[in-house]
**Student:** 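Structure provided below as structure tokens; questions to follow.
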Amino acid sequence: MSIKSSAFGGVTLTGKDAKKFVAQVQKGKPNSAAAPAVARGVKMAKAYAATGVVKIRMKDGKFVHAE
């Protein structure tokens, strides 16, 4: 079982780590924060594609998309 990585390549998982990762990808369920996070990311990606700029600001100690 190991995790190997390099500055010029990807990450390689072996043994138990590889099995656990495959199980998580195939059978894992997103947590309750995943759907809203994806929605915010899609909105920011669309703004970047349209303007080439994404503005963010801090609100209550968290980054938020400043429209």
Side-chain angles (χ1 to χ4, degrees):
M1 154 175 81
S2 67
I3 301 173
K4 303 173 191 171
S5 65
S6 73
F8 301 106
V11 174
T12 303
L13 301 174
T14 61
K16 284 195 245 177
D17 292 321
K19 288 179 183 177
K20 187 175 180 179
F21 178 77
V22 169
Q24 178 67 27
V25 169
Q26 291 176 344
K27 300 174 185 164
K29 296 180 177 85
N31 65 24
S32 60
V38 169
R40 287 190 307 273
V42 168
K43 187 176 179 181
M44 291 173 72
K46 286 181 181 179
Y48 181 76
T51 64
V53 176
V54 174
K55 296 180 182 179
I56 57 173
R57 63 181 174 84
M58 291 290 290
K59 180 178 181 181
D60 298 329
K62 297 180 182 179
F63 288 109
V64 295
H65 181 208
E67 301 183 43

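Since this is a predicted model, take the numbers as computed values, not measurements.
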**Student:** With sequence neighbours left out, write down each residue that passes salt bridge (charged side-chain N to carboxylate O under 4.0 Å, His left out) with K43, or none if nothing qualifies.
**Tutor:** E67
**Student:** Is V42 reachable from V54 through a run of hydrophobic residues whose side-chain heavy atoms are each under 4.5 Å from the next?
**Tutor:** no
**Student:** Do V11 and V22 share a hydrophobic cluster (ILVMFWY, side-chain heavy atoms under 4.5 Å, transitive)?
**Tutor:** no
**Student:** Once rounded to the nearest 0.5 Å, what's the spacing between atom CZ of F63 and atom CZ of R57?
**Tutor:** 12.0 Å
**Student:** For a 4.5 angstrom cut-off between non-hydrogen side-chain atoms, does I56 reach M44?
**Tutor:** yes
**Student:** Which atom names give the shortest non-hydrogen contact between P30 and A34, and what distance separates them?
**Tutor:** CB-CB, 3.6 Å
**Student:** Return the OH to NZ distance between Y48 and K55, rounded to the nearest 0.5 Å.
**Tutor:** 14.5 Å
